[in-house]
Amino acid sequence: RRLQEHTELWFQLLPNFVPGEGVTARMQRLWRQGLPPKVREVLWPVAIGNVLRITPELFEIHKQRALDARKNQENAASNVLITLTDAPRSRGKEQS
């Protein structure tokens, strides 16, 4: 019930919220009590903004690139370890 009341209060206050301007004492008090989930999904994008205009699709593209880069880096590190562990055996063969 309290969650529903807070959600309703926030949706009354949100139309007057302007990012970068001071917030009312009432908003601060409510904010400190926690934001209801439905309010979070509306308020955070407004409060933080999206100056870079990153779309969900662009985010997914860059996320995949980051995952691929990490995987390639792990593979490269693994290859170095294999080379280093094989080095003593290789040296022994060269000397024979």
Side-chain angles (χ1 to χ4, degrees):
R1 174 157 170 91
R2 185 173 176 200
L3 181 66
Q4 185 179 358
E5 289 173 2
H6 275 183
T7 302
E8 289 170 7
L9 276 171
W10 271 108
F11 281 117
Q12 290 172 7
L13 296 171
L14 281 175
N16 300 322
F17 176 72
V18 178
E21 289 188 9
V23 294
T24 65
R26 185 179 186 194
M27 280 182 117
Q28 283 183 346
R29 193 172 54 254
L30 284 171
W31 197 305
R32 287 188 180 126
Q33 291 175 9
L35 298 172
K38 288 181 182 178
V39 174
R40 266 186 239 135
E41 65 189 43
V42 174
L43 182 60
W44 281 118
V46 173
I48 295 170
N50 186 6
V51 178
L52 299 176
R53 296 188 176 139
I54 296 173
T55 63
E57 294 82 14
L58 185 58
F59 175 82
E60 288 301 323
I61 289 168
H62 287 287
K63 181 174 113 179
Q64 190 58 51
R65 286 182 183 174
L67 293 172
D68 292 346
R70 180 179 288 163
K71 188 175 182 181
N72 290 337
Q73 186 177 17
E74 289 170 358
N75 289 340
S78 175
N79 290 339
V80 168
L81 286 175
I82 291 169
T83 304
L84 290 174
T85 56
D86 285 346
R89 286 182 271 173
S90 300
R91 275 193 234 122
K93 290 180 183 176
E94 291 172 3
Q95 293 174 351
S96 334

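For this chain, numbers begin at 1 and follow the sequence in order.
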(message) Please determine whether residues Leu3 and Val42 belong to a single hydrophobic cluster, defined as Ile, Leu, Val, Met, Phe, Trp and Tyr linked transitively by side-chain heavy-atom distances below 4.5 Å.
(response) no
(request) Establish whether Leu52 and Trp44 are linked, either directly or via other cluster members, by ILVMFWY side-chain heavy-atom contacts under 4.5 Å. (result) no
(message) The criterion is salt bridge (Lys or Arg N to Asp or Glu O under 4.0 Å); which residues satisfy it with Arg1, sequence neighbours excluded?
(response) Glu5
Can you give me the closest heavy-atom contact between [X] and [Y], atom names plus distance?
| X | Y | answer |
| --- | --- | --- |
| Ile54 | Phe59 | CG2-N, 3.9 Å |
| Phe11 | Lys38 | CZ-O, 3.8 Å |
| Pro45 | Arg40 | CD-O, 3.8 Å |
| Val39 | Leu14 | CG1-CD1, 4.4 Å |

(request) Just jot down the side chain to side chain donor-acceptor pair (under 3.5 Å) partners of Gln28, sequence neighbours excluded, or say none. (result) none
(request) Applying side chain to side chain donor-acceptor pair (under 3.5 Å), name anything that partners Glu41, two or more places apart in sequence or on another chain. (result) none
(request) Would you please classify the geometry between the Trp10 ring and the Trp31 ring as parallel, tilted or perpendicular, with 30° and 60° separating the classes? (result) perpendicular
(message) For the CE atom of Met27 and the CG atom of Asn16, what is their distance to the nearest 0.5 Å?
(response) 8.0 Å
(message) Within this structure, what is the CZ-CD distance for the pair Arg29 and Gln33, rounded to the nearest 0.5 Å?
(response) 7.0 Å
(request) For Pro15, enumerate each residue passing the side chain to side chain contact (heavy atoms under 4.5 Å, CB included) test, keeping only those at least two apart in sequence or located in another chain. (result) none
(message) Suppose we screen for side chain to side chain contact (heavy atoms under 4.5 Å, CB included). Which residues come up paired with Glu21, at least two apart in sequence or across chains?
(response) Val18
(request) Evaluate the side-chain proximity of Leu58 to Arg53: yes if any heavy-atom separation is below 4.5 Å, no if none is. (result) no
Which atom pairs, one a donor and one an acceptor, fall under 3.5 Å between side chains of residues 60-68 and the rest of the protein, sequence neighbours left out?
unit_1: Gln64; atom_1: NE2; unit_2: Asp68; atom_2: OD1; d: 2.9

